[in-house]
Amino acid sequence: MIDFTISTPTEADAVIALRDALQKISRAQEVCERAGFGCLVLMPLSESQRELQYALDTALGRN
């Protein structure tokens with residue numbers, strides 16, 4: 001595993017933005033499920049969440 005250190009304020013801002021986006025997608029997914037939206041809405045949200053998690057992990061050197 002790579003030992004990753006955030007070295008600039010811009011990198012820190014980027015990581016924070018990725019985490020915020022991940023939380024917002026999770027929230028959107030919860031609300032859409034409660035609203036009864038089907039797979040045409042939920043599947044793209046799920047895929048986006050997975051891709052965003054991968055992007056965050058990559059930015060943090062976890063991949």
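Numbers here simply count residues along the sequence, with the first being 1.
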Looking at [atom1] of [X] and [atom2] of [Y], how far apart are the two atoms once the value is rounded to the nearest 0.5 Å?
{"X": "Arg27", "Y": "Cys32", "atom1": "CZ", "atom2": "SG", "result": "10.0 Å"}
{"X": "Asn63", "Y": "Thr58", "atom1": "CG", "atom2": "OG1", "result": "3.5 Å"}
{"X": "Ile16", "Y": "Leu56", "atom1": "CD1", "atom2": "CG", "result": "11.5 Å"}
{"X": "Lys24", "Y": "Asp20", "atom1": "NZ", "atom2": "CG", "result": "6.5 Å"}
{"X": "Ser48", "Y": "Gln53", "atom1": "OG", "atom2": "CD", "result": "13.0 Å"}
{"X": "Glu11", "Y": "Asp13", "atom1": "CD", "atom2": "CG", "result": "10.5 Å"}

Looking only at heavy atoms, which two atoms of [X] and [Y] are closest? And how far apart?
{"X": "Cys39", "Y": "Pro44", "answer": "O-CD, 3.6 Å"}
{"X": "Ala59", "Y": "Leu18", "answer": "CB-CD1, 4.0 Å"}
{"X": "Leu42", "Y": "Phe37", "answer": "CD1-O, 3.2 Å"}

Problem set entry | Stepwise side chain to side chain contact (heavy atoms under 4.5 Å, CB included) test for Arg19 and Gln23 | CA-CA 6 Å; Arg19 286 183 178 153; Gln23 289 175 344; 5.6 Å; no
For this session: Begin from the C-alpha positions of Ile25 and Glu51 and carry the test side chain to side chain contact (heavy atoms under 4.5 Å, CB included) through to its verdict.
Result: CA-CA 11 Å; Ile25 286 177; Glu51 294 293 330; over 6 Å; no
